[in-house]
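The structure appears below as structure tokens.
Remember, it's a predicted structure, so these values are computed and weren't measured experimentally. To find a chain, count down the sequence lines: A is the first, B the second, and so on, and within it residues start at 1. All values below come from the heavy atoms of this structure, side chains included, with hydrogens, waters and symmetry mates left out.
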There are 4 protein chains.
Amino acid sequence: MAPKRVDRDARREDILDAAVRVFARRGYPATRIEDVAAEAGIAKGSVYLYFEGREALLAAGFERIARRSAQVLADARRSDRPANDALAELVEGAVAMLAAEPDLTAVMLDLWSAGGAARRAEDADPPPPAFDIAAVYREYRALVAELLRRGGSEGDLRPGLGEPEAAVVVAAIEGCLLQWLVDPSVDLARLADPITATCLDGLRARPEG
Amino acid sequence: MAPKRVDRDARREDILDAAVRVFARRGYPATRIEDVAAEAGIAKGSVYLYFEGREALLAAGFERIARRSAQVLADARRSDRPANDALAELVEGAVAMLAAEPDLTAVMLDLWSAGGAARRAEDADPPPPAFDIAAVYREYRALVAELLRRGGSEGDLRPGLGEPEAAVVVAAIEGCLLQWLVDPSVDLARLADPITATCLDGLRARPEG
Amino acid sequence: MAPKRVDRDARREDILDAAVRVFARRGYPATRIEDVAAEAGIAKGSVYLYFEGREALLAAGFERIARRSAQVLADARRSDRPANDALAELVEGAVAMLAAEPDLTAVMLDLWSAGGAARRAEDADPPPPAFDIAAVYREYRALVAELLRRGGSEGDLRPGLGEPEAAVVVAAIEGCLLQWLVDPSVDLARLADPITATCLDGLRARPEG
Amino acid sequence: MAPKRVDRDARREDILDAAVRVFARRGYPATRIEDVAAEAGIAKGSVYLYFEGREALLAAGFERIARRSAQVLADARRSDRPANDALAELVEGAVAMLAAEPDLTAVMLDLWSAGGAARRAEDADPPPPAFDIAAVYREYRALVAELLRRGGSEGDLRPGLGEPEAAVVVAAIEGCLLQWLVDPSVDLARLADPITATCLDGLRARPEG
DNA sequence: TATGAATGAGCTTTCATTCAT
DNA sequence: GATGAATGAAAGCTCATTCAT
């Protein structure tokens with residue numbers, strides 16, 4: 001049973017790999033199950049042996065991203081360096097993670113869209129997706145806010161920083177990501193340093209360097 | 001020679017209003033022409049008297065947003081205040097514009113998604129959308145970069161600032177927008193000040209106030 | 001009332017002219033009421049002031065053709081020449097009539113198609129058209145058969161000729177028409193003589209001239 | 001490497017059979033994909049597994065007819081009998097072929113109509129069909145003309161016969177076909193002999209029988 | 001397990017016809 | 001009479017999902 005399990009899981013991952021590539025290329029709404037099957041080199045019906053349906057593929061893509069995010073957050077939490085250094089590490093870690101897997105990252109566009117469509121609870125038609133993209137950002141903000149507070153009391157960060165500033169830091173990352181996704185001429189990887197430099201030291205000249 | 005033109009344009013705007021509301025509620029991919037018609041209180045076929053098809057509605061939504069953006073940029077360009085003040089005005093203007101029309105702003109999710117799906121030019125299947133969302137951000141970055149350079153030479157901004165930092169400023173806005181769109185508990189309007197404060201002065205404490 | 005009537009009829013004819021032109025160009029099934037209106041230089045709704053609906057335009061086209069046919073038949077009946085000469089006149093008259101109005105003649109394709117679709121009475125879904133294209137050929141055959149019989153008893157035609165041979169003579173005309181309609185390189189007008197020559201004298205060499 | 005190919009091709013033929021029956025009954029323009037599917041006893045969507053779309057069904061009908069025609073022409077070419085006998089064989093072969101499959105033959109009405117609609121190359125709206133009905137008649141005329149010329153030099157046919165007379169012979173066949181399609185009281189099969197008799201010997205009495 | 005043929009709900013789009021102006 | 005905006009029934013086509021093999 002154990003080896004079967006591994007095979008099964010490996011196959012599932014292969015299919016998800018394929019799905020992510022196609023989602024990145026065509027976008028989720030334009031991707032047909034058959035496209036995924038073709039990319040994975042299997043038959044259409046076989047996809048259903050590993051995934052409940054089309055949306056499950058997107059949800060599985062979300063899971064991958066969420067897992068990567070959780071890892072980045074865990075790494076940052078484990079750091080014992082000063083808060084501002086930990087913050088810089090967090091930003092770099094997040095950007096590196098996103099830039100390392102462009103196809104997977106491109107799926108974020110679809111997750112935002114699908115997740116955002118669920119922002120109004122009025123009607124359950126269509127029912128909201130099974131994944132909670134907002135939760136990912138909540139966690140990021142929570143950790144950043146904690147670092148900001150720690151940096152304000154123990155380190156050299158300004159006191160009084162909190163959720164709003166955390167949102168801005170997360171925004172700087174995600175906003176750069178967005179520009180990259182929408183415009184390939186923007187190079188996400190090279191924006192990691194400007195993000196930390198701008199957020200930590202601002203754009204205004206300082207009395208002494 | 002514009003006898004019914006006013007009516008016709010007004011009708012078109014009404015339908016677009018309706019489309020924007022439905023797009024905001026259900027997302028573009030899940031929106032059927034009939035939903036738009038119902039929201040506008042007209043028959044399905046009538047939509048086609050004013051718009052070429054479903055994608056034309058999205059493109060018209062883009063046009064609205066692009067027009068608003070152009071206005072914000074024009075206002076900022078016309079400002080004769082110091083660069084850092086102009087920058088703050090630009091941020092505030094953009095955020096205010098976005099927050100003032102939540103439904104229209106929510107369409108950005110679909111524009112990002114549709115525009116991003118065109119990020120790979122490999123195949124023309126499906127053909128890329130008629131609108132260029134990336135161009136909007138290019139213009140924002142260009143103006144911000146110009147302000148940063150001006151502020152570096154004439155004002156109190158750091159010298160050497162350019163495109164990367166401009167991308168970060170734009171990212172701070174769009175990233176906050178994103179978090180708001182995906183999570184209604186984030187209040188975009190209240191993030192305008194934190195954005196400018198963080199970007200201009202950074203998060204690090206300054207030697208003197 | 002009289003002058004009104006003339007105006008009304010003239011307008012009706014104008015619209016029918018336009019319809020015939022468009023039918024010839026695009027075929028009846030592909031012709032929209034709006035195409036006819038545009039060709040006639042009037043508004044779509046105005047067509048309905050003169051014709052019951054789309055099919056009525058086709059039926060009116062049939063009427064025109066039927067009237068032309070009736071005229072050709074009447075001319076031939078009125079002839080007091082020998083049967084074989086009258087037959088030649090009939091063929092020439094029919095071909096001349098058809099070649100003189102190519103657009104109207106092209107509508108025959110649609111009439112055959114629409115009329116033929118009604119050839120099976122099984123179901124009345126869709127209901128058969130209001131015009132009877134088969135009747136036109138019945139009348140032609142009847143007159144030709146009469147001429148053949150007359151030519152057999154009084155003239156130099158073979159005795160014993162009847163409906164089958166009449167069908168062949170009519171077929172020679174309509175078959176040339178068909179080839180012309182389907183292939184513009186076939187010149188209908190120049191086929192009038194070969195039709196009569198072939199039908200009357202055959203293709204086989206005759207003992208003496 | 002043709003494991004399911006037989007089945008697939010057989011299925012395709014079944015669907016085409018059904019389409020031909022429905023086309024014959026209702027005419028192509030009035031036939032909906034669903035009618036074809038119902039006639040074939042399958043679901044609407046399944047038709048698209050075997051044919052690109054509605055027009056592909058008509059084109060496939062044309063292919064069938066063209067194949068039959070090619071066979072008739074090949075048989076006539078292979079004949080080593082005198083030209084006038086070969087001509088009679090050709091006429092009989094064509095008529096027999098047409099009369100043997102009335103439903104398929106009825107599709108000619110739609111092919112004429114669709115092919116004729118493409119007679120004016122002015123605009124490509126709608127684009128012309130993929131099949132070339134005119135080519136079928138060109139081939140018939142070419143072979144008949146050849147036989148006529150051969151019969152003029154080697155046989156007992158008149159000298160000087162050519163394309164015009166070939167058109168008349170083809171017309172006699174197709175014109176009888178037309179009358180049959182439009183009027184079931186005309187019996188195509190019985191017209192084969194009158195066609196050859198009339199064309200070869202004419203209607204005029206001969207000095208000696 | 002794997003396949004891919006089959007299904008049919010669902011969607012976009014067209015257009016004949018109506019009717020208020 | 002004339003108009004053309006509005007309607008909504010149709011029809012073509014797609015594709016997620018199922019299931020017999």
* Taking the six-membered ring of Tyr28(A), is the NZ or CZ of Arg54(A) close enough (under 6.0 Å from the centre) and on axis enough (within 45°)? ->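 Output yes; distance and angle both within limits.
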How is [X] classified with respect to the nucleic acid when contacts are heavy atoms under 4.0 Å: base, sugar-phosphate, or nothing?
{"X": "Leu49(D)", "result": "base"}
{"X": "Tyr50(A)", "result": "sugar-phosphate"}
{"X": "Gly53(C)", "result": "sugar-phosphate"}

* Asked: Any side-chain N or O of Ser46(C) under 4.0 Å from OP1/OP2 of dT3(F)?
  ->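 For dT3(F), OP1 or OP2 has a side-chain N or O of Ser46(C) closer than 4.0 Å.
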Rounded interatomic separation in angstrom, taking [atom1] from [X] and [atom2] from [N]:
{"X": "Glu34(A)", "N": "dA5(E)", "atom1": "CD", "atom2": "C1'", "value": "11 Å"}
{"X": "Ile42(D)", "N": "dA6(E)", "atom1": "CD1", "atom2": "C1'", "value": "9 Å"}
{"X": "Tyr28(A)", "N": "dA16(F)", "atom1": "OH", "atom2": "P", "value": "8 Å"}
{"X": "Ile15(A)", "N": "dT1(E)", "atom1": "CD1", "atom2": "P", "value": "11 Å"}
{"X": "Leu57(B)", "N": "dT13(E)", "atom1": "CG", "atom2": "C1'", "value": "13 Å"}
{"X": "Arg8(B)", "N": "dA5(F)", "atom1": "CZ", "atom2": "C1'", "value": "9 Å"}
{"X": "Arg12(B)", "N": "dA6(F)", "atom1": "CZ", "atom2": "P", "value": "14 Å"}
{"X": "Asp35(B)", "N": "dG10(E)", "atom1": "CG", "atom2": "P", "value": "13 Å"}

* Asked: Under 3.5 Å, side chain of Arg12(D) to main-chain N/O of Tyr50(D), donor-acceptor pair present?
  ->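 The answer is yes, because a donor-acceptor pair under 3.5 Å joins these two groups.
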* Carboxylate-amine/guanidinium proximity below 4.0 Å for Glu13(A) and Arg64(A) ->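 Between Arg64(A) and Glu13(A) there is a salt bridge, with a charged N closer than 4.0 Å to a carboxylate O.
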* Residue whose nearest DNA chain F nucleotide is more 5′ - Ala30(D) or Gly45(D) ->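 Checking each residue's closest nucleotide, the 5'-ward one belongs to Ala30(D).
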* Could you check Ala43(C) against Glu55(A) and say which one's nearest nucleotide on DNA chain F is further toward the 5' end? =>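 Result: Ala43(C).
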* To do: State which of dT1(E), dT14(F), dA6(E) makes the closest approach to the side chain of Arg11(D).
  =>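 Between dT1(E), dT14(F), dA6(E), the one nearest the side chain of Arg11(D) would be dA6(E).
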* To do: From the options dG12(F), dA16(F), dT3(E), select the nucleotide whose nearest atom is closest to the side chain of Arg54(A).
  =>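 When the side chain of Arg54(A) is considered, dA16(F) is the closest of dG12(F), dA16(F), dT3(E).
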* Asked: Hey, is the side chain of Lys44(D) pairing donor to acceptor with the base of dG10(E) inside 3.5 Å?
  ->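 Between dG10(E) and Lys44(D), which were checked side chain against base, a qualifying N/O pair under 3.5 Å is present.
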* **Most 5' of Thr31(B) and Arg32(C) on DNA chain E, judged by nearest nucleotide** =>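 This one resolves to Thr31(B).
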* To do: Could you check Ile33(C) against Gly41(D) and say which one's nearest nucleotide on DNA chain E is further toward the 5' end?
  =>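 This one resolves to Gly41(D).
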* Asked: In Å, rounded to the nearest 0.5 Å, how long is the span from CG of Leu57(A) to CG of Asp110(A)?
  ->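 Those atoms lie 12.0 Å apart.
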* Quick one: look up who dT21(F) pairs with, Watson-Crick or G-U, both distances under 3.5 Å, and put none if it's unpaired. =>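 By the stated definition (distances under 3.5 Å), dA2(E) pairs with dT21(F).
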* Run through Arg26(C), Arg21(C), Lys44(C) and flag the one making a salt bridge (Lys or Arg N to Asp or Glu O under 4.0 Å) with Asp35(C). =>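 It is Arg26(C), the one option of Arg26(C), Arg21(C), Lys44(C) that forms the salt bridge (Lys or Arg N to Asp or Glu O under 4.0 Å) with Asp35(C).
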